[in-house]
Amino acid sequence: DEAIALYQQSIDLFLKHFGNDFPGTNHSYRAMAKALAQQGAYQRSIEYLQQTLDLLARNFGNNHPFTGATYQQLASVHLKQHQFEAALEAIEHGYSALLKESIEKEQAHSPDAYSDQQVLLDLVREEARILEAKYHVSEDLADLELALSTLRRAIDFIDQIRKGFILDDSKLLLQEEAAATFEQAISASFKLHVQTGEDKYLDDMFEFMEKSKATLMAETLQSNALSNIQGIPDSVLVEESSIKRKISFVESQLTGTDINIDSIQNELFILRRLYDTLAEHIAETYPKYYQLKYQVDTKKLDDVKLMLQPQQAVLTYFLGHDYWYVLAIAQNGINAMQIDSAKIKEADVIKFREMLADAQYRWNNQLANRLFSTLVADPLQGLGGFDRLIVVPDGLLGHISFDALTLNPSDKPIYAVTEYAISYTPSVTMLGLSETYQQTSNSYYGFAPVNYQNELSSLLGSQQEVNMAADLYNGKSYLSLIH
């Protein structure tokens, strides 16, 4: 109530001092609409949003990013009332408001066809939420299929937008913002697999899980390999670098300003098209360089199965806001699991990490065994016996050692490392790229003992391990006198 009263004061001040047509009033109208919707006053919320649309039309016409954002908010209010068709109609109006005037709707397959890419992504994600909510009411799998198709379009847009960014910070921010979209897509794929039993939805799950982890790291690894590619004229590299610098500068101008936004976006559009033209020339003339520089393809499930040995399995995870997901992949099959908070919590993983980090911490073997059962044993059930595991962690799971999980809940723990050889990779795609680009060397250097200066307990046996490895590889070992 207090927030609504303050928003009303703001609106009254704008109207008193600037009149009915001041464009800045739209922000207060939309804030009021949001507050009313949160209180369940949906009709009043819709009235304020309609006032916003009228105000924007008088000032900017029917095509403006604020108009698209307002229609997305209107769709959200209709969704809260389960008015699915009205919500989808608002989404369509939102797309139209963003579409650049020179482009027909049927040709709008690229985010560059729209005036604001962030609002575009918000609209696509909202459309997917509407379709998934509609499925939960109708129980018609066609609605869930449409939701998944819409989310795939959102992820394709994210890929295209990311490729248009030059600044690594911009790419990273976009990837972080995309996390919710990946979670929606993984959830929809899992539901469709459960309902239909079709393996194609497991392919979708794996693709989305890989894309959520692999893209930026793979780009970095591939760019580091470019120095080994010969035969690229300096003039091409200079032109590429020059366009990238210009794009970086124009991208920086988009941050935190509403002044001349259209002209800045048009300039960025032209530069990106210029960059695409150069990329096409490089693809035709220098295909090896192009493949490394511009093409980052995530692994497919069939590729992964071919990589594996009979006693080897991959466990790949995605930690979402509502659920955690795990795919267990072996030569002879694939299992998919959805883990809810009743079985495992972030606090459990944090506590296990603390147990590993502090030798004085009281060991809780039941927790270590519960994590093993939930994260490893249950997903692998029915796939056969394995002695080698490749773990693809996500989020907090990247901060624990699966080797220290235990196979039994008793006071005498049996650690996973005694039964499994466990290796780790940030993504399966990265594992393949690392094997492709790694440079062989006969050199070996080992340092021991390993002491983490009170942050972690000392690594027992490290000195013996380093000495043995030095003998095997005819290398050198070094004994640290400061530990």
Exercise. Can you name the closest pair of heavy atoms from A147 and A128 and give their distance?
Worked result: CB-O, 3.8 Å
Exercise. Sequence neighbours excluded, which residues qualify as side chain to side chain contact (heavy atoms under 4.5 Å, CB included) partners of T196?
Worked result: L141, E198, Y201
Problem set entry | Set of residues satisfying side chain to side chain contact (heavy atoms under 4.5 Å, CB included) with respect to T277, sequence neighbours excluded | none
Exercise. Which value, rounded to the nearest 0.5 Å, describes the distance between D203 atom CG and H193 atom NE2?
Worked result: 10.5 Å
Exercise. Which residues satisfy the salt bridge (Lys or Arg N to Asp or Glu O under 4.0 Å) test with E132, sequence neighbours excluded?
Worked result: K191
For this session: Give the minimum heavy-atom separation between F208 and S189, together with the two atoms involved.
Result: CE1-OG, 3.4 Å
For this session: Only counting residues at least two apart or in another chain, list the ones meeting salt bridge (Lys or Arg N to Asp or Glu O under 4.0 Å) with R153.
Result: E127
Problem set entry | Set of ring-ring contact (aromatic ring centres under 6.0 Å, His included) partners for Y317, sequence neighbours left out | F402
Problem set entry | Inter- and intrachain pairs under salt bridge (charged side-chain N to carboxylate O under 4.0 Å, His left out), touching residues 56-76, at least two apart | D21-R58
Exercise. What do the steps show when you test Q51 against Y29 for side-chain hydrogen bond (donor to acceptor under 3.5 Å, both in side chains), and what is the final call?
Worked result: CA-CA 7 Å; Q51 285 182 315; Y29 281 152; 4.6 Å; no
Exercise. Less than 4.0 Å between a side-chain N and a carboxylate O, is that true for D340 and K343?
Worked result: no
Exercise. Taking 4.0 angstrom as the limit, do R152 and E207 come out as a salt bridge?
Worked result: yes
Exercise. Taking the side chain as C-beta and beyond, is there a heavy-atom pair between M205 and Y325 under 4.5 Å?
Worked result: yes
Seminar exercise, completed: Taken in chain and number order and not counting sequence neighbours, the residues that satisfy salt bridge (Lys or Arg N to Asp or Glu O under 4.0 Å) with R388 are none
Exercise. Is there side-chain contact between L131 and L144, with heavy atoms separated by less than 4.5 Å?
Worked result: no
Exercise. What do the steps show when you test R129 against E126 for salt bridge (charged side-chain N to carboxylate O under 4.0 Å, His left out), and what is the final call?
Worked result: CA-CA 5 Å; R129 280 192 287 269; E126 189 69 43; 2.9 Å; yes
For residues 3-19, please give each side-chain donor-acceptor pair under 3.5 Å, one per line with the distance, not counting sequence neighbours.
from: Q8; atom 1: OE1; to: Y48; atom 2: OH; distance (Å): 2.9
from: Q8; atom 1: NE2; to: D12; atom 2: OD1; distance (Å): 3.0
from: S10; atom 1: OG; to: S28; atom 2: OG; distance (Å): 2.8

Exercise. Is there side-chain contact between N62 and T67, with heavy atoms separated by less than 4.5 Å?
Worked result: no
Exercise. Does the separation of the ring centres of H78 and Y42 fall below 6.0 angstrom?
Worked result: no
Problem set entry | Those residues that, when tested against F318, pass ring-ring contact (aromatic ring centres under 6.0 Å, His included) (two or more places apart) | none
Problem set entry | Main-chain N/O of G382 paired with N335 side-chain donor or acceptor, under 3.5 Å | no
Exercise. To the nearest 0.5 Å, what is the distance between CD1 (I390) and CD1 (I329)?
Worked result: 9.5 Å
For this session: Calculate, to the nearest 0.5 Å, the distance between atoms CG and CD belonging to L397 and E346 respectively.
Result: 9.5 Å
For this session: Ignoring hydrogens and angles, tell me if any N or O in the side chain of D116 forms a donor-acceptor pair with the backbone of V119 under 3.5 Å.
Result: yes
For this session: Would you confirm whether N63, through its side chain, and K100, through its main-chain N or O, come within 3.5 Å as a donor-acceptor pair?
Result: no
Exercise. Is the backbone N or O of K300 less than 3.5 Å from a side-chain atom of D303, with the two atoms forming a donor-acceptor pair by type?
Worked result: yes
Problem set entry | K134: partners by salt bridge (Lys or Arg N to Asp or Glu O under 4.0 Å), with sequence neighbours left out | E85, D143
Exercise. If you take all heavy atoms of L383 and A330, which pair is closest and at what distance?
Worked result: CD1-CB, 4.4 Å
Problem set entry | Close side-chain approach of W324 to T374, heavy-atom, < 4.5 Å | no
Seminar exercise, completed: The reported gap from CD1 in I91 to OG in S96 (rounded to nearest 0.5 angstrom) is 11.5 Å
For this session: Would you mind reporting whether L98 and H64 have side-chain heavy atoms less than 4.5 Å apart?
Result: no
Exercise. Under the side chain to side chain contact (heavy atoms under 4.5 Å, CB included) test, which residues partner Q381, sequence neighbours left out?
Worked result: none
Exercise. Taking C-beta and beyond as the side chain, do L315 and L380 meet within less than 4.5 Å on heavy atoms?
Worked result: yes
For this session: Could you pull out all residues at least two apart from D348 that satisfy side chain to side chain contact (heavy atoms under 4.5 Å, CB included)?
Result: I344, K345, L367, R370, L371
Exercise. Which distance, rounded to the nearest 0.5 Å, do you find between the OG1 of T70 and the CG of L53?
Worked result: 5.5 Å
Exercise. So, Q312 side chain and Q309 main chain: donor-acceptor pair closer than 3.5 Å or not?
Worked result: yes
Exercise. When you measure from the side chain of T285 to the backbone N and O of H281, does any donor-acceptor pair fall under 3.5 Å?
Worked result: yes
Seminar exercise, completed: Here the pair of heavy atoms bringing S45 nearest to V77 is OG-CG2, 3.6 Å
For this session: Side-chain contact test, heavy atoms from C-beta onward, threshold under 4.5 Å: evaluate it for H27 versus F66 and give yes or no.
Result: yes
Exercise. Are T52 and R30 close enough, and set up right, to give a side-chain hydrogen bond (donor to acceptor under 3.5 Å, both in side chains), and what steps lead you there?
Worked result: CA-CA 7 Å; T52 306; R30 289 177 58 200; over 6 Å; no
Problem set entry | Within-4.5 Å side-chain heavy-atom neighbours: V326 and I339 | yes
